[in-house]
Amino acid sequence: MSRGPELIITEKDNAARRIADILSGESATTERQNDVNVYKWGGKRCIGLSGHVVGVDFPAEYNDWRDVEPVELIDAPVTKEPTQEGIVAALRKLARNASRVVIATDYDREGELIGKEAYELVREVNEDAPIDRVRFSSITDNEVNEAFANPDELDFDLAAAGEARQVIDLTWGAALTRFLSLSARQLGDDFISVGRVQGPTLKLIVDREREIQAFDPEAYWELYGNLTKSGGDPFEARYFYLNDDGNEAERVWDGDVAEVLTEALAAAGEAVVDDVRRRTRTDEPPTPFNTTAFIRAAGSLGYSAQRAMSLAEDLYTAGYVTYPRTDNTVYPEDLDPRELIEELSAASTFGKDAKSLLDADREIEPTEGDEETTDHPPIHPTGELPSASDLSEDEWEVYELIVRRFLATCAEPATWERLRVVALANGEATAIAERADGLAALRNPDEASGPGDLVADGGLRLKANGKRLLEAGYHDVYPYRSSDERIVPDVAVGETLALTDRRTDAKETQPPRRYGQSRLIEEMEKRGVGTKATRHRTLEKLYDRNYIESDPPRPTRLAEAVVEAAEEFAQHVVSEEMTAQLERDMQAIAAGEKGYDEVTEASRELLDRVFDDLTESREAVGDHLQKSLKADKTLGPCPECGEDLLVRKSRQGSYFVGCDGYPDCEHTLPLPSTGKPLILDETCEDHDLRHVKMLAGRKTFVHGCPQCKADEADEQEDEVIGACPECGEEHGGELAIKRLRSGSRLVGCTRYPDCDYSLPLPRRGEIEVTDESCEEHDLPHLRVHSGDEPWELGCPICNYREFTARQEGSELQTVEGIGEKTAEKLQDAGVDGVDDLKSVDPDDLAADVDGVGADTVRDWQAKAD
DNA sequence: GCAAGGTC
């Protein structure tokens, strides 16, 4: 047995560093081995993996999609190959002469599998060193020391459960993906994918769209009025009646009845208070952040799921917050909330709020959610405080959200006082309203009791609900939840209130709303589909595959066709039941009740049966998919030949409109060069072509009908405004305002294409050439009429200069850690762009810019490379 | 080039 060092293996570098710090008492040093950090102290080495460093795949002879029948993948062998060569090589080198190995990967099923992967890599080069497993749920002194003092063994059953998942996901995903792609002849970048997680997620979206399509709106009416206590402010009250079940209802479903009620309400000038109910309600503080709750909260601040996770990841790697991928909603035992709050109270922004929690002389007992897991703590600040210049604005906003969420979980509940007032609109209203009762009864001849009770003895029922915040509690530290009050004054039963501003709103029932990104992630979590680390990526994948577009996501025809095909032939892969079944099987494997072979074999048999039906219908499935693919690209009939006009992508990657009859018909139309086209439902009346919107993040705009845009450009004459600065003197070229067929406008030389001098113009608004002119460039000032107020563009050359200056500012913001304000400061200091930033002396720049240190500049320079 | 799951 070798007497070499002891090797500790963790799931990620970050964990390796912290564990090394804890076990070494901060004395560990760092070495690089194959570009991987190795922490070293005494007789010990610690290395972090990067999640899975080996992956499952089919042998190379299965690589060609056209050569291999998809069905063959079902029983094809599955191999495990290193996917992170550097880490695997470093691990082998360290393992070779290790005297003992300790696996310290995350404490969950996937961590056990990653541990087993490490185990096998170690065993390849070292047959006899003992290999232990330690488990801890948060990287703190206590937990880590305790875990290392009580090492355990690797749980091979649990790891096998994970391996079964890998193989089942691969065979189903690869076989079905290849089948669909081949049947529709979609090879290359635009293949058609399905899988255990994509499938049900896509079906969720498609099903909701089906509900929306099938929705039949129904008309209803609602009546309102304002009530006023003498000398007080008016408050809104709403008409209600009692339906057949005796429950309160506000919507009136019959137009004639609504009309009579409106008349009755109009006839009443006052209302008498009939009932006053007051109660206090406790509003519990929120529970700790797990990944899903965090994504949702960040979503309400305007961040996409993807963006929120990437910001949290940045904050985690910088050491300001804990690990952002967690299901846990219960803080671990050894988190001392008071201590953490004390650390946070040193911060300038939320420090006062943190302190306010300490001032109250009380036990701090954080809230707990329903889910308690062993892998990581809920997301919370670490207590290491960034200064504002360490973070970009987005990072800061998300950091503050995480801090305030933590503070909120340690804060007191809020208390609301609820006040409900019911008043009866009296007088002749009753007489009129009784007519409505009669009317409604006529309409419901089958029901002995009529439609319910539209009018009370004393008149029409009006109700108002007020709420007042008695104790703000956690709202003081967590401003992201509404604490708006609705004031209804104190009134007494029998009191008469003035009734004014009566109105009746005609409304329609609305179809269900599309799921937004965070809602989809919540629904996935509820159904057990995907994991905390993958759900947001699955959505991203659906966008990439052209299954969904826009936000909230809306399914394409292709997505509908894929779901339809799967529903018919492979129901399993679009149902959440596949995951549920797999989860049961994995638990059985982990418990030793079932074997890996048994479970994977049963899954292969099921997939075999799916392919029995599927293979027969290959052509029909392919046809349907191809038709849908085309429908997603179709704008309408070609004005030249009547075939379909399609949105296409040129070899250079830009989009244009071309005829499906090509090469017989060569009709084309340009599209704007910025963004990705989205075809809208709206159709051009003149050309019967659907309108196009260009998706380009914040610069998204509606292009409209591409034929109209081209026609407008053809009709408009160029307006000359001066001499061309490039070729005016030599060749007499002139600058003119031009409208391009793609819809954009520019100031360009009349000698184009011999001279390609050009300046950009805004996309929107009419452009007016004013009498004022620029002395420097001898060009007229331009004015743009868009919206309510015209705005001055000025000299087009000066304008372009300012524009590029701003561009350089925003270019600086592409460097991680530079926000809008920092970019401005840097520009003031003479840094004009990223290239400039890279060449500047860090110390000089730090001296020029407030709040920026030389190290920060070096950090930016490294990131800019 | 396919999946889903880790991590960056």
Side-chain angles (χ1 to χ4, degrees), chain A residues 10-16 35-37 48-58 60 62-68 70 72-74 76 78 80 83-84 86-87 105-118 159 161-182 186-202 291 309-318 323-326 375-376 524 528-542 544-545 570 573 578-579 582-583 586 603 607 816 863:
Chain A
T10 69
E11 189 154 323
K12 41 191 170 277
D13 174 59
N14 218 305
D35 242 17
V36 184
N37 287 334
L49 307 176
S50 182
H52 292 286
V53 293
V54 298
V56 289
D57 205 349
F58 299 111
Y62 291 87
N63 278 354
D64 193 326
W65 290 32
R66 276 159 305 194
D67 267 9
V68 181
E72 289 177 45
L73 294 177
I74 301 174
V78 173
K80 247 188 211 187
T83 50
Q84 303 271 358
I87 296 175
T105 48
D106 290 354
Y107 186 7
D108 56 16
R109 184 171 52 219
E110 216 59 26
E112 209 66 21
L113 175 53
I114 291 166
K116 189 199 167 195
E117 288 160 7
E163 287 176 310
R165 179 199 60 71
Q166 287 186 317
V167 168
I168 290 169
D169 281 341
L170 178 66
T171 45
W172 280 75
L176 287 171
T177 296
R178 285 198 196 179
F179 180 89
L180 292 181
S181 304
L182 284 162
Q186 286 283 298
L187 300 178
D189 286 346
D190 292 326
F191 62 86
I192 300 171
S193 66
V194 275
R196 174 176 57 84
V197 174
Q198 288 179 45
T201 307
L202 196 56
T291 301
M309 283 312 286
S310 142
L311 290 165
E313 178 78 39
D314 290 345
L315 293 168
Y316 158 70
T317 0
Y323 194 64
R325 292 181 278 270
T326 177
D375 51 354
H376 300 281
M524 292 170 77
V529 169
T531 72
K532 66 227 169 186
T534 60
R535 290 186 193 112
H536 64 280
R537 276 182 5 209
T538 300
L539 291 190
E540 205 60 15
K541 194 175 266 180
L542 297 182
D544 284 350
R545 302 280 151 85
V573 85
M578 180 168 179
T579 296
L582 181 61
E583 195 57 45
M586 284 196 289
S603 176
L607 185 54
E816 208 186 306
K863 282 176 177 156

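Chain letters run A, B, ... following the sequence lines, proteins first, then strands; residues in each count from 1. Remember, predicted model here, so these are calculated numbers, not experimental data.
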Legend entry - Residue list, ring pair (Phe, Tyr, Trp, His ring centres under 6.0 Å) with A:Y107, at least two apart or on another chain: none

Inset, instruction - Scan A:V56 against the nucleic acid and name what it touches under 4.0 Å (heavy atoms): base, sugar-phosphate only, or nothing. - result: base

Legend entry - Side chain of A:R196 (C-beta onward), nearest among B:dA4, B:dG1, B:dG6: B:dA4

Inset, instruction - Would you classify A:E11 as touching base, sugar-phosphate or nothing, given that sugar-phosphate means primed atoms plus P, OP1 and OP2, and contacts are heavy atoms under 4.0 Å? - result: sugar-phosphate

Inset, instruction - Looking at every strand, decide which applies to A:N63 at a 4.0 Å heavy-atom threshold: base, sugar-phosphate, or nothing. - result: base

Inset, instruction - Flag as yes if A:W172 stacks onto the base of B:dA3 (centroids under 5.5 Å, planes under 30°), otherwise no. - result: no

Legend entry - Heavy-atom donor-acceptor pair, A:T10 side chain to A:T105 backbone, under 3.5 Å: no

Inset, instruction - May I ask you to evaluate whether A:R545 reaches the phosphate of B:dA3, defined as a side-chain N or O under 4.0 Å from OP1 or OP2? - result: yes

Inset, instruction - Answer with yes or no whether A:D57 presents, from its side chain, a donor or acceptor under 3.5 Å of a partner atom in the base of B:dC2. - result: yes

Inset, instruction - Check every atom of B:dA4, B:dG6, B:dG1 against the side chain of A:D169 and return the nucleotide holding the closest atom. - result: B:dA4

Inset, instruction - Report which part of the nucleic acid A:T177 touches: base, sugar-phosphate, or nothing (heavy-atom distance under 4.0 Å, all strands). - result: sugar-phosphate

Inset, instruction - Kindly say whether, by distance alone, the side chain of A:S193 makes a donor-acceptor pair under 3.5 Å with the base of B:dC2? - result: no

Inset, instruction - Only counting residues at least two apart or in another chain, list the ones meeting ring pair (Phe, Tyr, Trp, His ring centres under 6.0 Å) with A:H536. - result: none

Legend entry - Given B:dC2, B:dA4, B:dG6, the nucleotide with the shortest approach to the side chain of A:F191: B:dC2

Legend entry - Touch class at under 4.0 angstrom, heavy-atom based, for A:G530 against every strand present: sugar-phosphate

